[in-house]
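Below is one structure, written out as structure tokens; the observations come after it.
As a basis for the values below, the full set of heavy atoms in this structure was taken, side chains included, without hydrogen atoms, waters or symmetry mates. Just so it is clear, the structure is predicted and the values come from calculations on it, not from any experiment.
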Amino acid sequence: MEDKRINSVHSTVFKESDSLEGKCTKIEGYDFNQGINYSKLLKSMLSTGFQASNLGEAMEIVNEMLDWRLSDETITEDCSEEEKNPDYRESVRCKVFLGFTSNLISSGVRDTVRYLTEHHMVDVIVTTTGGIEEDLIKCLAPTYKGDFSLPGTQLRSRGLNRIGNLLVPNDNYCKFEDWIIPIFDQMLKEQLEENVLWTPSKLIARLGKEINNESSYLYWAYKAKQDSYILSRLNRWLLGGYVVFSFLSQPRSDN
């Protein structure tokens, strides 16, 4: 009886493994004895494990997206004559959408977004209203590094606002208001006198033009014109409030 128990435990603990050879990636990191080869270092993320492997997989997907051309696909019967043309098929690539929330623009990731936009590496940007405001505000005044544990009540008494571990002085928002209200007033005048229809993307392009600052991704999106455009809801946060205030502050007739 005792031998059977021992054998049962032994067979459970030392259960024969399925072979993973050739089926799964072997875990190994980058060998820095080879020197610093950034291409190989980034590629090694795939086999590093944990979150590094997720980063490696994300880079593979991005590279596939950038490399894809319509010519990679088989021509089907329902293709038009233009779609069958080899030169046309080689020219058609992925339309790249880039989406992000406002906190990324509050942080230093803004400079990465600006680079991608400046060099036409994205076609469509989808962001929140805060993602628009923060880009413009940082052209007018800097954001500072703080700490996640700083108490909001004490910061508020000092005229400071916390975004994670970032600090934004109230003065930044005052400068933003002073800058944007005259622009909205002018845009409303153009709407009333010239029948200009301000869509969100059109409004944002105008702000990119007005800011005229090369550190702004909105500026580069404006410069790209048809090469990239921005989608965003503008009825929230500061921008939404300023649009309303600008409208309400205009003289109104009794009619």
Do [X] and [Y] have a side chain donor and acceptor closer than 3.5 Å?
| X | Y | answer |
| --- | --- | --- |
| N54 | Q51 | yes |
| E90 | S71 | yes |
| S39 | N37 | no |

Side-chain heavy atoms of [X] within contact of [Y], under 4.5 Å:
| X | Y | result |
| --- | --- | --- |
| Y219 | T117 | no |
| I105 | S102 | no |
| V113 | L104 | no |
| T143 | L167 | no |
| V96 | V124 | no |
| I125 | F97 | no |
| C79 | T76 | yes |
| S53 | L46 | no |

Path from [X] to [Y] over hydrophobic side-chain contacts below 4.5 Å:
| X | Y | answer |
| --- | --- | --- |
| V62 | V122 | yes |
| M65 | L116 | yes |
| M59 | L98 | no |
| W220 | M121 | yes |
| M45 | I36 | yes |

[X] side chain vs [Y] backbone, donor-acceptor pair below 3.5 Å:
| X | Y | value |
| --- | --- | --- |
| R110 | S215 | yes |
| S216 | D135 | no |
| W179 | L140 | no |
| S107 | V109 | yes |
| N170 | L160 | no |

After noting the C-alpha distance and the side-chain angles of E82 and R89, does the key distance pass the salt bridge (Lys or Arg N to Asp or Glu O under 4.0 Å) rule?
CA-CA 8 Å; E82 181 182 40; R89 295 180 68 81; over 6 Å; no
Go through F100 and Y217 one step at a time and tell me if the ring pair (Phe, Tyr, Trp, His ring centres under 6.0 Å) criterion holds.
CA-CA 13 Å; F100 50 84; Y217 80 86; 5.6 Å; yes
Shortest non-hydrogen separation from [X] to [Y] and the atoms involved:
| X | Y | result |
| --- | --- | --- |
| P169 | P142 | CD-O, 4.2 Å |
| I27 | T48 | CG2-O, 3.8 Å |
| I211 | G208 | CG2-O, 3.3 Å |
| I137 | F176 | CG1-CG, 3.6 Å |
| M187 | W198 | O-NE1, 3.0 Å |
| L136 | L207 | CD1-CD1, 3.9 Å |

Flag if over 12 foreign heavy atoms under 6.0 Å of [atom1], [X]:
| X | atom1 | answer |
| --- | --- | --- |
| R69 | CZ | yes |
| D18 | CG | no |
| K209 | NZ | no |

Can we say [X] and [Y] salt-bridge, meaning some charged N sits less than 4.0 Å from an Asp/Glu carboxylate O?
| X | Y | result |
| --- | --- | --- |
| K138 | E133 | no |
| K26 | E21 | yes |
| R93 | D123 | yes |

Which word best sums up how the rings of Y115 and H119 line up, parallel for under 30°, tilted for 30 to 60°, or perpendicular for over 60°?
tilted
Show your working on side-chain hydrogen bond (donor to acceptor under 3.5 Å, both in side chains) between E134 and S106 and close with a plain yes or no.
CA-CA 6 Å; E134 288 294 320; S106 303; 3.2 Å; yes
Verdict with supporting geometry, W68 and E73, side-chain hydrogen bond (donor to acceptor under 3.5 Å, both in side chains):
CA-CA 9 Å; W68 182 89; E73 308 297 327; 2.7 Å; yes
I would like to know whether R206 and Q186 meet side chain to side chain contact (heavy atoms under 4.5 Å, CB included); could you show each step before the answer?
CA-CA 11 Å; R206 175 63 171 268; Q186 176 60 32; 3.8 Å; yes
I would like to know whether L203 and F184 meet side chain to side chain contact (heavy atoms under 4.5 Å, CB included); could you show each step before the answer?
CA-CA 9 Å; L203 184 151; F184 279 164; 4.2 Å; yes
